[in-house]
There are 2 protein chains.
Amino acid sequence: MADRQDGARERLIEGTRELLWDRGYVGTSPTAIWRASGVGQGSMYHHFQGKPDLALAAERRAAQAMQQQVRESFAREGSAYERISEYLLRERDALRGCPIGRLIADPEIAADERLREPVRETFAVLHACLTSVIEEGKAAGEFDAGIDAEQTASALSAVFQGGYTLARAEASTGPFEQAIAGALALLRRSMPASH
Amino acid sequence: MADRQDGARERLIEGTRELLWDRGYVGTSPTAIWRASGVGQGSMYHHFQGKPDLALAAERRAAQAMQQQVRESFAREGSAYERISEYLLRERDALRGCPIGRLIADPEIAADERLREPVRETFAVLHACLTSVIEEGKAAGEFDAGIDAEQTASALSAVFQGGYTLARAEASTGPFEQAIAGALALLRRSMPASH
DNA sequence: GTCTATACGGCGATAGAC
DNA sequence: GTCTATCGCCGTATAGAC
């Protein structure tokens, strides 16, 4: 990857990432970006062509980060259930929302193939990791053979994203934690008593 | 409620509701509202004080509609599981997102007590309905006594909201349907064989 | 109630100097 | 590479006539 040769470019990506996370694409102005990044306007337009270009770079950065976290959690030691719960219970700022999931609420991101791609890819990675760990669990007799790995993976991903929504609506992390706990409790019911 | 005496006011509320649903609060301009509503600008500012006022009226309208749908589904005949699945499988435009859940992604709505309230209230109603139907199911022996009604209700609400996110990311309703199906499948595993 | 006119700041970008 | 100046348009109203 590109080394830290370029301070301004780097700071712009990080600044954009933070703003997109909190305010979304429509809510983020180029002016806010260079101010938040501590960079001059001219400098910003030297490094990036404009707002979509900035957003794409920031999205790719955020997508990389989340995909790495996902892979880390699922690469750990432990039973299938342990790895799943490790990921779901990982420390998070539930009130801030998901840095990736937040983006797709914006129509300008949803409608643009290029801007949507990092989001799509990240959820695909999460879904693939969940599916394969559930399959492993089934093969090991940890989960009932009757559960559908793909469907269950989708349900778990969704609980996760939806948890953020519920938490923000209550202005409390409680609903997020409760939703995760509920999902894990349901999942445990697909485990034979021996586990 | 107020009758259809006031065409302009009514059309403004509906227009705002549509725009908020698709574009969120930051993405919705007063100009877009009066244009979409087929109303003059002066007329709009006669009926409403400004953007927050318009948004609040539209949010309340949307909240009423969703709460009514929720209550309808859970008031039906049928077992607890049937009523839950009736609601979850109800016809929806998954790619458009939830008209209520969409709002809370916006920082200006999340940060404003008044604008957040209709969202909070609506999810509270959904959660209460789910919780009580699960309790009924437990009492009737339909669900295992071991499941926590509140947690499970949170998990189901979250699957729902998260399903929209996943669907938009893929630009397909598939992930939404798969997540719902996965959640219902897990729920069925908390039902004794007799049901 | 509805209309048109006006205002001021911010958005998103370009130009050209240094 | 970075800076300042400038641009045209839009967002979010307010004012006052009809």
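Each chain gets a letter, A, B and so on, in the order the sequences are listed, and its residues count up from 1. Because the structure is a prediction, the values reported are computed rather than measured.
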Task: Distance, nearest 0.5 Å, that separates CZ of B:Arg92 from CZ of B:Phe176 - done: 5.5 Å
TODO: For A:Ser29, report the nucleic acid contact type (base, sugar-phosphate, nothing); a contact means any heavy atom under 4.0 Å.
DONE: sugar-phosphate
Open item on the list: Can you pull out the residues from residues 33-57 of chain A that lie within a 4.0 Å heavy-atom distance of DNA chain C?
Closed with: A:Gln41, A:Tyr45, A:Gly50, A:Lys51
TODO: When you get a sec, tell me which of C:dC11, C:dT2, D:dT12 is the closest nucleotide to the side chain of B:Ala8?
DONE: C:dT2
- [ ] Might you confirm whether atom CD of B:Gln68 has over 12 heavy atoms from other residues, nucleotides or ligands at distances under 6.0 Å?
- [x] no
- [ ] Would you mind reading off the distance between B:Leu12 atom CG and C:dG1 atom P, rounded to a whole angstrom?
- [x] 14 Å
TODO: Calculate the interatomic distance between A:Leu19 atom CG and C:dC11 atom C1'; express it in whole Å.
DONE: 14 Å
Open item on the list: One thing to verify: whether A:Glu108 and B:Arg23 come together as a salt bridge, which I'm taking to mean a side-chain N less than 4.0 angstrom from a carboxylate O.
Closed with: yes
- [ ] Please say whether more than 12 non-hydrogen atoms of neighbouring residues, nucleotides or ligands are located less than 6.0 Å from CZ in A:Arg114.
- [x] no
Task: B:Arg102 charged N/C atom sitting above B:Trp21 aromatic ring, 6.0 Å / 45° - done: no
Open item on the list: Through direct or indirect side-chain contacts below 4.5 angstrom among Ile, Leu, Val, Met, Phe, Trp and Tyr, which residues connect to B:Val39?
Closed with: B:Leu12, B:Ile13, B:Leu19, B:Ile33, B:Trp34, B:Met44, B:Tyr45, B:Phe48, B:Leu54
TODO: Assign B:Ala32 to base, sugar-phosphate, or nothing according to its heavy-atom contacts below 4.0 angstrom with the strands shown.
DONE: nothing
